[in-house]
Amino acid sequence: MRSSEDLIIAVDGTLASGKGTLSKGLATDLGLPHLDTGLLYRATAKACLDAGVDPEDAEAAAGLAKALKIDDMKPEDLRTAEVGQVASKVAVHPPVREALFQLQRDFAYQRGGAILDGRDIGTVVCPEAHVKLWVDADVETRAARRVAELNAKGDPITQDEMVAQLRERDERDKNRAIAPMKPAEDAHLLDTTHLSIDAARAKARQIVDQVRADLARS
Ligand code: DC
């Protein structure tokens, strides 16, 4: 375990569970830099789409992943349903995950600490993180949140289509051979189905504060 001054917080969970919003809020509260690691997989997917590379071609996709730079990613171009679908396809390839691993480790180990959110941060990328959160909510609630977000951007996707997409993507993320989506054994579980954004953030803060207090005593 590292110094509590270099706090690493791993926030994993299902799509549209609220983990991104929660992580951003925590990062603001704690003054820590935050990386949404899904953007790395999305940027790889977008690079495949732009270059006409087949997302099933693991080596070609990994080549594009290796060339990524965190500072060059444009979240607004990456958070579309199409890019999300392709992202979950490129994320199954071990060479793509290897290509993105070091980028994520370097971000986590920057001086002062960091918050990373994703699917495998607490299990694979930073198993030694000080705080691990697993954020989830029922599929209808998650779909409603994502539909509202996409409809506001002009994407006409319906609730039923989104539920079907989430189920398909959950299955792919959970069942892939490498780094499947699952809670770390020592993760704190946060079900946001009936929690407002502020309530989820307050609960997460309590958990982080408790871990910090324990670290300061040890
Ligand atoms: O969280 P998101 O929708 O932006 O993630 C896009 C895809 O990337 C998703 O299908 C799962 C994958 N992903 C992953 O495999 N590991 C991560 N740490 C983050 C995302």
Side-chain angles (χ1 to χ4, degrees), residues 11-29 34-56 61 64 68 70-92 96 100 115-121 133-176 181 183 189-205:
V11 183
D12 292 303
T14 50
L15 180 78
S17 58
K19 67 183 158 47
T21 307
L22 179 71
S23 303
K24 264 188 238 141
L26 267 185
T28 303
D29 290 348
H34 163 235
L35 177 63
D36 168 358
T37 63
L39 287 180
L40 298 171
Y41 294 90
R42 287 173 176 267
T44 305
K46 176 88 169 36
C48 287
L49 290 168
D50 289 348
V53 162
D54 179 358
E56 307 294 346
L64 295 171
L68 282 184
I70 289 178
D71 292 340
D72 293 346
M73 294 192 303
K74 295 204 177 65
E76 60 281 9
D77 293 344
L78 302 176
R79 292 205 175 99
T80 66
E82 186 200 11
V83 172
Q85 282 293 98
V86 178
S88 86
K89 290 186 184 160
V90 300
V92 303
V96 169
L100 298 177
I115 299 184
L116 288 84
D117 79 75
R119 304 289 195 286
D120 63 339
I121 308 304
L133 300 175
W134 175 262
V135 190
D136 202 359
D138 72 36
V139 72
E140 290 287 345
T141 305
R142 293 189 285 130
R145 289 175 186 163
R146 190 45 63 99
V147 165
E149 216 176 280
L150 291 174
N151 287 174
K153 283 189 211 158
D155 183 330
I157 191 155
T158 65
Q159 173 77 6
D160 286 352
E161 285 165 348
M162 184 49 78
V163 167
Q165 274 194 21
L166 287 181
R167 290 212 161 105
E168 187 194 325
R169 290 187 47 193
D170 283 351
E171 281 310 299
R172 204 181 289 141
D173 290 344
K174 270 189 229 162
N175 294 317
R176 65 175 174 235
M181 172 176 78
L189 307 184
L190 208 57
D191 184 331
T192 65
T193 307
H194 303 292
L195 287 184
S196 67
I197 292 173
D198 287 347
R201 183 164 161 178
K203 276 208 166 192
R205 264 305 289 274

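In this structure, CG in Asp138 is found 4.5 Å from OG1 in Thr193, a value given to the nearest 0.5 Å. Leu100 contributes atom CG, which lies 9.0 Å from atom OG1 of Thr37 (distance to the nearest 0.5 angstrom). Interatomic distance, Gln85 CD to Lys89 NZ, rounded to the nearest 0.5 Å: 6.5 Å. Atom CZ of Arg205 is separated from atom CG of Asp198 by 12.5 Å, given to the nearest 0.5 angstrom. Considering CG of Leu22 and NZ of Lys24, their distance stands at 11.0 Å, rounded to 0.5 Å. The CG atom of Leu39 sits 8.5 Å away from the CG atom of Asp117 when rounded to the nearest 0.5 Å.
The shortest distance between side-chain heavy atoms of Asn151 and Ile157 falls below 4.5 Å. Val96 places none of its side-chain heavy atoms less than 4.5 Å from the side chain of Leu64. Considering only heavy atoms from C-beta on, Lys19 stays 4.5 Å or farther from Ile121 through its side chain. A 4.5 Å side-chain heavy-atom check between Gln165 and Leu15 finds every atom pair outside the cut-off.
Of all heavy-atom pairs spanning Arg145 and Ala137, the tightest one is NH1-CB, 3.9 Å. The minimum heavy-atom distance between Ala43 and Leu68, with the atom names listed, is CB-CD2, 3.7 Å. Of all the heavy atoms in Val163 and Ala143, the pair that sits closest is CG2-CB, 3.6 Å. Here the closest heavy-atom approach between residue Gly84 and residue Arg169 is recorded as O-CZ, 3.5 Å. Nearest heavy-atom pair across Val90 and Ala45 is CG2-N, 4.3 Å. For the residue pair Ala61 and Thr44, the shortest heavy atom distance occurs at O-CG2, 3.6 Å.
Each salt bridge (Lys or Arg N to Asp or Glu O under 4.0 Å) pair with one or both residues in residues 146-158, not counting sequence neighbours, appears once here: Arg146-Glu149.
More than 12 heavy atoms of other shown residues, nucleotides or ligands fall within 6.0 angstrom of atom CG in Leu49.
In this structure, the side chain of Gln159 engages the main chain of Glu140 through a donor-acceptor pair within 3.5 Å. For Thr192 (side chain) and Ser17 (main-chain N/O), a donor-acceptor pair under 3.5 Å exists by modelled atom type. Of the possible donor and acceptor atoms, none in the side chain of Asp12 sits under 3.5 Å from a partner among the backbone N and O of Trp134.
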Side-chain donor/acceptor pairs under 3.5 Å, residues 71-83, sequence neighbours excluded:
residue : atom : partner : partner atom : Å
Arg79   : NH2  : Asp36   : OD2          : 3.0
Thr80   : OG1  : Val83   : N            : 3.2

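By the side-chain contact (heavy atoms from CB on, under 4.5 Å) test, Asp170 pairs with Thr14, Arg142, Lys174, Met181, sequence neighbours left out.
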Run the numbers on Leu40 and Leu35 for side chain to side chain contact (heavy atoms under 4.5 Å, CB included), then give the verdict. CA-CA 9 Å; Leu40 298 171; Leu35 177 63; 4.3 Å; yes
Test salt bridge (Lys or Arg N to Asp or Glu O under 4.0 Å) on Asp50 and Lys46; report intermediate values, then the result. CA-CA 6 Å; Asp50 289 348; Lys46 176 88 169 36; 3.1 Å; yes
